[in-house]
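What follows is a structure written as C-alpha cells; I'll ask about it next.
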Amino acid sequence: MTATLPEARPGKTWWRRPWLAPLALLVAAFLAFSVPPYLTLDPAQSRVPAPPGFAAHYWFLVGHILFGSIAIIGVILQVWPWLRRTHPIVHRRVGRVYVFGGAIPSALMALIVAPFNTFGPAAGVFNVAGALLWLGFTIAGFRATRQRRYADHRKWMIRSFAMTMNTLLSRVYAPLAFLGLRPFYPDQASLIQAASTLSGTMSLLSLLLLSQWWLDRKPKPAIAR
C-alpha cells in the first residue's frame with residue numbers, strides 16, 4: 001500500500017518539509033495527553049461522559065481512541081519521505097496497518113459513539129460527518145491502489161490523512177472557540193456546546209479545504225509500481 005503526499009526526490013533533505021517534524025511532535029503530545037486515561041480500561045477515567053442507557057459506550061470509545069492512535073502514528077510514517085523512498089515495502093505494510101488496523105475500525109467506532117456525544121446535536125452531526133468522510137476517503141484510496149489507479153489513490157489518501165487529523169485540530173481550535181464565544185454564553189453548559197460545535201466545524205472545513213488546496217497546488221502524475 002502506498003499513500004499520501006508527493007514523492008520526495010533523493011536529494012531533498014529534511015528541511016524541505018519543515019512542517020513534518022512539528023506535526024510529529026504535535027501528534028506525540030496529543031497522544032501523550034489523550035490516550036493514557038483509556039489504557040487503564042477504567043470507565044471512571046474517561047474524559048467523555050457515557051450517555052444514559054448505553055453501557056457499551058465506553059468500550060466503543062476506547063476502541064475508537066486506540067485504533068485512532070494507530071492510524072495517526074501510521075499516517076505520520078506514511079508521509080515521511082525518507083521511509084517511502086528508502087523502504088517502500090515497509091511503507092506499503094504500514095499503509096495496510098493504517099487502513100485496516102487504524103482508520104477503518106476507528107471511523108466505524110466513531111460512527112457508533114458520535115451520535116451520543118454530550119456536546120450537543122450539532123457537534124454530533126459534524127463528528128458523524130467527519131467519521132463518514134474518513135471512512136469513505138480511506139476505502140476509496142485503498143480501492144484505487146488495488147486497481148492500480150495510483151494518481152487517484154494519492155488524492156484519496158491525502159484526504160484520508162486530513163481526516164485523521166480532525167480530532168487533533170478540533171482540540172487545537174477548542175480553546176480559541178471558548179475564548180471567542182465566552183462573552184456571548186454566560187452559561188457554562190451552553191458555552192461548552194457552542195465551543196465544541198464551532199471547533200468541530202472549523203476543524204472539518206479547514207482540513208477539507210487544506211487538503212484540496214494541496215492537491216490543486218501540488219499536482220503530480222501517477223508513479224508506476
Side-chain angles (χ1 to χ4, degrees), residues 1-8 17 19-20 23-24 26-28 30-31 34 63-81 83-84 88 90-114 125-173 200-223 225:
M1 163 125 193
T2 60
T4 61
L5 302 182
E7 296 284 338
R17 296 185 185 277
W19 52 269
L20 184 55
L23 179 61
L26 183 60
V27 165
F30 172 70
L31 294 177
S34 302
H64 165 65
I65 290 169
L66 296 182
F67 285 121
S69 300
I70 293 171
I72 202 169
I73 293 170
V75 86
I76 288 295
L77 293 175
Q78 287 299 87
V79 301
W80 187 13
L83 181 68
R84 189 167 63 249
V90 174
H91 172 75
R92 288 193 290 271
R93 289 176 178 172
V94 170
R96 293 189 183 98
V97 172
Y98 166 75
V99 170
F100 296 107
I104 288 179
S106 184
L108 289 173
M109 292 186 184
L111 289 173
I112 295 172
V113 299
V125 168
F126 278 97
N127 288 338
V128 169
L132 286 172
L133 289 170
W134 192 20
L135 183 64
F137 292 161
T138 304
I139 292 173
F142 179 75
R143 287 187 63 190
T145 198
R146 296 293 293 174
Q147 296 167 357
R148 299 184 178 275
R149 294 184 290 109
Y150 296 114
D152 290 337
H153 164 75
R154 174 181 170 272
K155 292 176 182 178
W156 288 119
M157 295 310 289
I158 286 175
R159 296 181 179 115
S160 176
F161 163 79
M163 291 298 99
T164 307
M165 299 296 160
N166 189 30
T167 299
L168 187 156
L169 186 58
S170 70
R171 299 299 184 269
V172 172
Y173 279 140
T201 304
M202 291 171 61
S203 175
L204 188 62
L205 295 180
S206 296
L207 289 166
L208 289 173
L209 291 172
L210 184 61
S211 59
Q212 192 58 47
W213 169 82
W214 182 274
L215 289 170
D216 292 341
R217 178 180 171 83
K218 298 279 187 180
K220 193 174 183 67
I223 297 173
R225 294 291 190 271

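These figures come from a predicted structure and were not determined experimentally. No hydrogens, no waters, no symmetry mates; every other heavy atom, side chains included, goes into these values.
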Ser211 and Arg159 have their tightest heavy-atom pair at OG-CG, 4.2 Å
Kindly compute the distance separating NE2 (His91) from CZ (Arg96), expressed to the nearest 0.5 Å. 10.5 Å
Can you see which heavy atom on Phe161 is nearest to which on Tyr98, and at what distance? N-OH, 4.1 Å
Would you say Thr138's side chain and Trp134's backbone share a donor-acceptor pair under 3.5 angstrom? yes
Side chain of Thr145, backbone of Gly141: donor and acceptor closer than 3.5 Å? no
Could you note down all residue pairs passing side-chain hydrogen bond (donor to acceptor under 3.5 Å, both in side chains) where residues 100-114 supplies at least one of them, sequence neighbours left out? His64-Ser106
Heavy-atom closest pair, residues Val128 and Ala114: CG2-CB, 3.7 Å
If I take atom CE from residue Met109 and atom CZ from residue Phe67, how far apart are they, to the nearest 0.5 angstrom? 5.0 Å
Quick check for you: to the nearest 0.5 Å, what is the distance between Phe30 atom CZ and Leu23 atom CG? 12.0 Å
Minimum heavy-atom separation for Leu83 to Leu77, with atom names? CD2-O, 3.5 Å
Do Val97 and Arg93 touch side chain to side chain, with heavy atoms closer than 4.5 Å? no
Closest non-hydrogen atom pair, Ala131 against Ala110: CB-CB, 3.8 Å
A side-chain contact here means heavy atoms from C-beta on lying under 4.5 Å apart; do Leu215 and Gln212 qualify? yes
Output the distance between atom CD1 (Ile65) and atom CG (Leu31), rounded to the nearest 0.5 Å. 10.5 Å
Chi angles and distances behind the side-chain contact (heavy atoms from CB on, under 4.5 Å) call for Met165, Val27: CA-CA 9 Å; Met165 299 296 160; Val27 165; 4.3 Å; yes
Taking side chain as C-beta onward, heavy atoms only, is Ser34 less than 4.5 Å from Thr167? no
In Å and rounded to the nearest 0.5 Å, what is the CD1 to CG distance from Ile76 to Leu26? 9.0 Å
Minimal heavy-atom distance between Trp214 and Arg154, with the atoms involved, is NE1-NH2, 3.9 Å
Can you tell me how far CD of Gln147 sits from NE2 of His153, rounded to the nearest 0.5 angstrom? 12.0 Å
Donor-acceptor pairs under 3.5 Å, side chain of residues 203-210 to any protein atom, not counting sequence neighbours: which ones?
{"from": "Ser203", "atom 1": "OG", "to": "Asn166", "atom 2": "O", "distance (Å)": "2.8"}
{"from": "Ser203", "atom 1": "OG", "to": "Asn166", "atom 2": "OD1", "distance (Å)": "2.7"}
{"from": "Ser203", "atom 1": "OG", "to": "Ser170", "atom 2": "N", "distance (Å)": "3.4"}
{"from": "Ser206", "atom 1": "OG", "to": "Tyr173", "atom 2": "OH", "distance (Å)": "3.0"}
{"from": "Ser206", "atom 1": "OG", "to": "Met202", "atom 2": "O", "distance (Å)": "2.6"}

